[in-house]
Amino acid sequence: MKTEMREAVVTAVAVALSGVLLGLLWWWLAPRVAYVGDVTGDSWVVYVKDTEGEQAVGADGTFTLLALGFGAVSALVVFLLRRRGGVPLVAGMALGGLLGSLLAWRVGVWLGPEQDLIAQAREAGRGVAFDAPLKLGAKGALLAWSMAALVLHLGLTALFGPRDPEHFPPPPEQNSTVRLEK
């Protein structure tokens, strides 16, 4: 049991640390939402440049698709390295996927543009477009990595995992003499 728990912890940590790569990819690939600043009276106001744009949803979709890919890769690697699996290993993989998603989200937000829109508008100038902070609106996307990993690992285990030996009952003994009754 100690070995299984150790493998589960190592798997969870390794999968979670790969969330840094997911965060970098999300920051690099996610579409940016453009804002424009203007001065009204004595204060700054910020507007979305393209009110009908789909960039915010695109950022959520990019995160979700990347997380699904990371889940598939992590399930495949865990299955190939530890084919016999076990509940602790799979739980470690799922927990690592969730922690990796949280880490990726925070890394992407941290690397993205500044969170203070008014300060960004002042820096850019009146009427000049600037990028909004990267954010994840669909928090359910944080579960995509774990869910993809669990589903794929289950499928791989069902198709290619080790099998328990099948125990067939011995065939009934047959007598060599046959009785015919009338």
Side-chain angles (χ1 to χ4, degrees), residues 1-35 48 50 52-115 131-169:
M1 185 67 172
K2 268 187 170 180
T3 304
E4 287 181 350
M5 291 305 290
R6 189 172 334 148
E7 287 177 355
V9 169
V10 168
T11 300
V13 169
V15 170
L17 288 178
S18 62
V20 174
L21 180 59
L22 174 61
L24 288 171
L25 285 172
W26 181 49
W27 168 71
W28 182 47
L29 295 173
R32 304 289 188 243
V33 178
Y35 278 76
V48 178
D50 182 10
E52 294 183 12
E54 297 176 356
Q55 292 86 355
V57 175
D60 292 348
T62 301
F63 185 91
T64 303
L65 291 174
L66 287 171
L68 289 172
F70 271 70
V73 169
S74 61
L76 183 64
V77 168
V78 167
F79 178 76
L80 291 175
L81 292 178
R82 300 284 180 238
R83 194 171 293 250
R84 61 177 164 58
V87 173
L89 183 69
V90 174
M93 180 184 62
L95 179 63
L98 179 62
L99 294 174
S101 291
L102 289 169
L103 181 62
W105 172 38
R106 298 315 308 163
V107 165
V109 169
W110 179 64
L111 290 175
E114 185 180 340
Q115 297 293 316
D131 288 339
L134 190 59
K135 71 176 193 172
L136 186 63
K139 300 299 189 271
L142 294 171
L143 297 174
W145 186 337
S146 294
M147 296 308 290
L150 288 173
V151 168
L152 185 62
H153 193 275
L154 175 66
L156 290 171
T157 303
L159 292 173
F160 306 110
R163 301 277 185 243
D164 291 334
E166 295 183 19
H167 298 288
F168 293 109

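We use all heavy atoms of the structure for the numbers below, so side chains are in, but hydrogens, waters and symmetry mates are not. For this chain, numbers begin at 1 and follow the sequence in order.
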Using side chain to side chain contact (heavy atoms under 4.5 Å, CB included), reason through R32 and L134 one step at a time and then give a plain yes or no. CA-CA 7 Å; R32 304 289 188 243; L134 190 59; 4.1 Å; yes
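- What you find for A148 and A72 is that their closest heavy atoms are CB-N, 4.4 Å.
- Taking each heavy atom of A132 and P113 in turn, the nearest pair found is O-CG, 3.3 Å.
- Looking at F63 and D60, their side chains never come closer than 4.5 Å, going by heavy atoms from C-beta outward.
- Among all heavy-atom pairs drawn from V15 and S74, the shortest one is CG2-CB, 4.2 Å.
- The CH2 atom of W26 lies 9.0 Å from the OG1 atom of T62; values are rounded to the nearest 0.5 Å.
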In a table with atom names and distances, give each donor-acceptor pair under 3.5 Å that connects a side chain of residues 90-111 to protein atoms at least two apart or in another chain.
| residue | atom | partner | partner atom | Å |
| --- | --- | --- | --- | --- |
| S101 | OG | G97 | O | 3.1 |
| S101 | OG | L142 | O | 3.1 |

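- Closest of all the heavy-atom pairs between R83 and P162 is O-CD, 3.6 Å.
- No more than 12 heavy atoms of other residues, nucleotides or ligands sit less than 6.0 Å from atom CD of E54.
- Between the side chain of S146 and the main chain of L143, no donor-acceptor pair closer than 3.5 Å is present.
- Side-chain contact between E7 and P88 is absent, with no heavy-atom pair separated by less than 4.5 Å.
- Within the 4.5 Å cutoff, the side chain of S18 has heavy atoms near those of the W145 side chain.
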